[in-house]
Amino acid sequence: MGGKTAERGLFELYRDDADEADRLLFGRGTYPDRRGFLRGAGLAAMGALVGAAIPFHRNIPAHFLPMALAAEDVIQGKDGLTVLNDRPLNAETPPHLLDDPITPTARHFVRNNGVPPDEVDAAAWWLTVDGQVHNPMTLGIADLKRRFDVVTAALTVECGGNGRAFFDPPAKGNQWTYGAVACSEWTGVRLADVLKAAGIDDTAVYTAHVGADTHLSGKEGKLPISRGVPIAKAMNARTLIAFAQNGRPIHPMNGAPLRLVVPGWPGSCSQKWLTRVWLRDRVHDGPKMTGTSYRVPNRTVAPGEQVDKKDFVIIEAMPVKSLITSPATGHRIAGGALEVRGHAWAGDRKVDAVRLSIDFGATWIETVLDDPANPHAWQNWRASVAFPWPGYYEIWARAIDSEGIGQPHAIAWNPKGYLNNSMHRVAVTVG
Ligand SMILES: Nc1nc2c(c(=O)[nH]1)N[C@H]1C(S)=C(S)[C@@H](COP(=O)(O)O)O[C@H]1N2
Ligand SMILES: [Mo]
């Protein structure tokens with residue numbers, strides 16, 4: 001999976017426009033002011049990036065893609081992610097690397113719509129809260145910590161397009177397979193507390209989120225993405241303005257130094273590099289709120305069906321889903337039993353059961369399912385599975401939520417490839 005996909009982004013860039021590729025990778029000009037965009041860095045960081053100094057760096061020819069950059073681990077502080085695209089940078093985590101109950105920062109996926117801010121200074125970061133409020137405010141991170149309860153919670157964030165790679169006919173956009181989902185521990189203040197302090201006006205119905213990343217076009221003032229949520233979701237106790245991820249400052253690609261975490265809803269609601277929360281008297285209409293962005297048809301449609309724009313509705317809570325994080329597909333065992341484990345989550349709901357099948361859905365095996373660490377955290381599950389004869393098996397996982405809704409066998413197709421919560425299947429060979 002990994003290497004190939006990683007190569008595509010960078011190699012495509014070089015194939016299509018090598019000058020532009022050099023400029024993006026190294027910056028304008030040549031040595032000594034080559035600056036990389038992947039890590040927002042210069043030659044020294046290029047060295048860090050490939051894991052060593054580059055003694056013959058002066059000899060790197062123009063239009064030459066350093067091989068190390070086409071490998072998986074091109075994002076500093078990330079480990080084993082598969083890069084899907086490099087401008088904007090998008091990277092997902094293979095399922096077996098999501099095995100931890102709480103996702104380590106190094107394994108948290110990256111989904112960027114624009115160009116992240118280059119240098120961030122947490123001490124000089126300002127968040128403005130304005131719009132339909134009685135007391136507009138501008139707060140630093142120290143103000144947030146001083147004025148409001150600081151809370152920590154494990155929170156599931158999944159990109160609305162996770163699973164898009166499996167749509168047929170295909171859907172345009174990042175071809176996420178399984179790994180645009182994570183459950184890190186986030187520390188911050190409740191958005192609800194901050195909004196209460198700002199005094200929510202009766203006319204407020206929706207939030208609008210603004211971040212400090214810039215549009216790919218480079219156009220001044222043009223936002224790459226600005227989404228929002230209804231006030232009720234903004235007031236949920238687990239909707240956080242976070243300044244720490246797994247007890248440390250947030251990773252630069254996950255929104256440092258300040259981001260929203262709106263668990264259970266499409267990841268796009270969780271604005272990174274957060275600078276402004278604006279309360280609106282109507283449904284927010286920022287970039288990627290309108291048209292067909294993060295929207296699905298209001299009815300079941302046939303694969304490939306044309307759908308009128310007016311029939312699309314905004315995605316709110318994400319549907320029930322699960323992931324098998326051990327074993328990985330391709331695993332071989334001599335025989336006997338195998339521990340199978342993973343996670344399950346269900347938007348704003350709880351997961352009631354996770355069942356496995358090794359006979360293509362004829363019979364199902366109950367797993368041991370943990371309670372979530374807190375509401376909106378994914379739930380860990382495990383089962384010991386015995387395989388009766390040698391041969392090829394598929395393990396299927398199916399989660400069922402607290403309303404009795406289970407994962408489907410096949411994708412409910414939609415034009416933009418959102419919400420693919422069909423069952424995860426892992427192949428193992430016995431004997
Ligand atoms: N400012 C900003 N916030 C953003 C985005 C972005 O491009 N810019 N991408 C969104 C999307 S689509 C997702 S799925 C999540 C992903 O969060 P992560 O990159 O920390 O995994 O961030 C969201 N917040
Ligand atoms: Mo997303």
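First listed ligand is number 1; within each ligand, the first listed atom is number 1.
Here the protein heavy atom with the shortest distance to atom 11 (C) of ligand 1 is S268 CA, 3.5 Å. When hydrogens are left out, the protein atom nearest atom 7 (O) of ligand 1 is N113 N, 2.7 Å; that is the closest non-hydrogen contact. In terms of protein heavy-atom proximity, atom 19 (O) of ligand 1 is closest to K272 NZ, 2.5 Å. Taking atom 17 (O) of ligand 1 as the reference point, the nearest protein heavy-atom neighbour is R259 NH2, 3.2 Å. Of the protein's non-hydrogen atoms, the one nearest atom 15 (C) of ligand 1 is G267 O, 3.4 Å. Among all non-hydrogen protein atoms, the one lying nearest atom 14 (S) of ligand 1 is C159 CB, 3.4 Å.
Every atom of ligand 1 is numbered from 1 in the order shown, and the set under 4.0 Å from a heavy atom of D213 is 1 (N), 2 (C), 6 (C), 7 (O), 8 (N). Under a 4.0 Å criterion applied to the non-hydrogen atoms of H108, ligand 1 contributes the atoms 18 (P), 20 (O), 21 (O). Annotation for ligand 1: atoms under 4.0 Å from non-hydrogen atoms of N112 are 7 (O). Close approach of ligand 1 to S270 is summarised as follows: ligand atoms under 4.0 Å from at least one heavy atom of the residue are 22 (O), 23 (C), 24 (N). Of all atoms in ligand 1, numbered sequentially from 1 with element shown, those under 4.0 Å from a heavy atom of V110 are 19 (O).
The closest approach between a heavy atom of V157 and any atom of ligand 1 is not below 4.0 Å. Residue contact annotation: R227 has no non-hydrogen atom under 4.0 Å from ligand 1. For G255, the closest heavy-atom approach to ligand 1 does not fall below 4.0 Å.
Residue F109 touches ligand 1 through backbone and side chain together, judged by heavy-atom distances below 4.0 Å. With a 4.0 Å heavy-atom cut-off, ligand 1 is reached by the backbone of N254 and by its side chain too. Residue-level proximity to ligand 1 for Y294 is carried by the side chain, the only part with a heavy atom below 4.0 angstrom.
The one candidate from E220, K219, H215 that meets the side-chain hydrogen bond (donor to acceptor under 3.5 Å, both in side chains) condition with S217 is H215. The only member of R382, R107, R341 that meets salt bridge (Lys or Arg N to Asp or Glu O under 4.0 Å) when paired with D99 is R341.
Residues T152 and E185 bring no donor and acceptor atom of their side chains to less than 3.5 Å of each other. Side-chain contact, S184 with N246: a donor N or O sits under 3.5 Å from an acceptor N or O.
Relative ring orientation between H409 and W364 is described as perpendicular, the plane-to-plane angle rising above 60° on a 0-90° scale split at 30° and 60°.
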May I have the step-by-step check of ring pair (Phe, Tyr, Trp, His ring centres under 6.0 Å) for W186 and H108, ending in yes or no?
CA-CA 12 Å; W186 297 94; H108 196 291; 5.7 Å; yes
Would F166 and Y178 satisfy ring pair (Phe, Tyr, Trp, His ring centres under 6.0 Å), going step by step from the backbone distance to the final call?
CA-CA 10 Å; F166 307 110; Y178 304 104; 5.1 Å; yes
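Taking every heavy atom of both residues into account, W265 and M318 meet most closely at C-CG, 3.7 Å. Minimum interatomic distance between V340 and P327 (heavy atoms only, all atoms of both residues): CG2-CD, 4.1 Å.
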